[in-house]
Amino acid sequence: MMEIPREDPAARALRGRLSDFLTEMARAEMDLPHVVYSKDAQGTMASFSGPYPTAIEACVAADIEHQIDLECDGAPTLTFHVAPLYPALAAPGVTPGADEG
């Protein structure tokens, strides 16, 4: 693998643009609907809740679910993950959410 020298101005500019892109992408995701995904330590049971209107509301819901898990079992038995829901992708000639019947 080739390493780009840090003092290379083109590489510095590329890193800056990439950083700006990733920051903007993360910022935009915050306003997308989100779900909370929970699973047990063995990975045998999983569930989803939501969608929640934003990332913040999903994080609050995940925290509440985590607190309930702790109160019920005394130790964490589940892990909680928050993920954005992206709009459906459309295949050519297909309208997402359109009823086929």
Side-chain angles (χ1 to χ4, degrees):
M1 184 164 88
M2 185 173 152
E3 190 169 322
I4 299 171
R6 286 212 171 268
E7 56 277 348
D8 183 344
R12 190 174 22 252
L14 178 60
R15 277 194 295 274
R17 287 195 309 268
L18 181 59
S19 176
D20 291 347
F21 170 76
L22 292 175
T23 300
E24 186 55 38
M25 191 171 111
R27 188 177 299 129
E29 279 184 347
M30 294 295 289
D31 293 329
L32 288 175
H34 280 65
V35 294
V36 175
Y37 168 68
S38 59
K39 65 179 183 170
D40 66 354
Q42 294 77 28
T44 57
M45 293 179 46
S47 68
F48 291 88
S49 64
Y52 299 93
T54 66
I56 298 297
E57 289 152 307
C59 286
V60 169
D63 185 57
I64 291 169
E65 290 183 36
H66 177 69
Q67 295 304 319
I68 292 169
D69 181 40
L70 289 174
E71 288 176 13
C72 290
D73 297 319
T77 58
L78 301 171
T79 59
F80 298 92
H81 312 269
V82 174
L85 287 175
Y86 291 94
L89 298 175
V94 176
T95 303
D99 190 5
E100 295 182 24

Quick check for you: to the nearest 0.5 Å, what is the distance between [X] atom [atom1] and [Y] atom [atom2]?
X     : Y     : atom1 : atom2 : result
Cys59 : Phe80 : SG    : CZ    : 13.0 Å
Lys39 : Thr77 : NZ    : OG1   : 13.5 Å
Glu71 : His66 : CD    : NE2   : 10.5 Å
Thr79 : Glu65 : OG1   : CD    : 11.0 Å

Q) Ser19: what forms a side-chain contact (heavy atoms from CB on, under 4.5 Å) with it, not counting sequence neighbours? A) Thr23
Q. Looking only at heavy atoms, what is the nearest atom pair of Val36 and Ala58, with distance?
A. CG2-O, 3.3 Å
Q.
I need the minimum non-hydrogen distance between Ala55 and Val82, along with the two atoms involved.
A. O-CG1, 4.5 Å
Q | Pairs where residues 7-34 contributes a residue and the test ring pair (Phe, Tyr, Trp, His ring centres under 6.0 Å) is met, not counting sequence neighbours | A | none
Q.
One pair to check against side chain to side chain contact (heavy atoms under 4.5 Å, CB included): Leu14 and Arg17. What are the steps and the verdict?
A. CA-CA 5 Å; Leu14 178 60; Arg17 287 195 309 268; 3.9 Å; yes
**Q.** Other cluster members, Phe48 - Ile/Leu/Val/Met/Phe/Trp/Tyr, side-chain contacts below 4.5 Å
**A.** Val35, Tyr37, Leu85
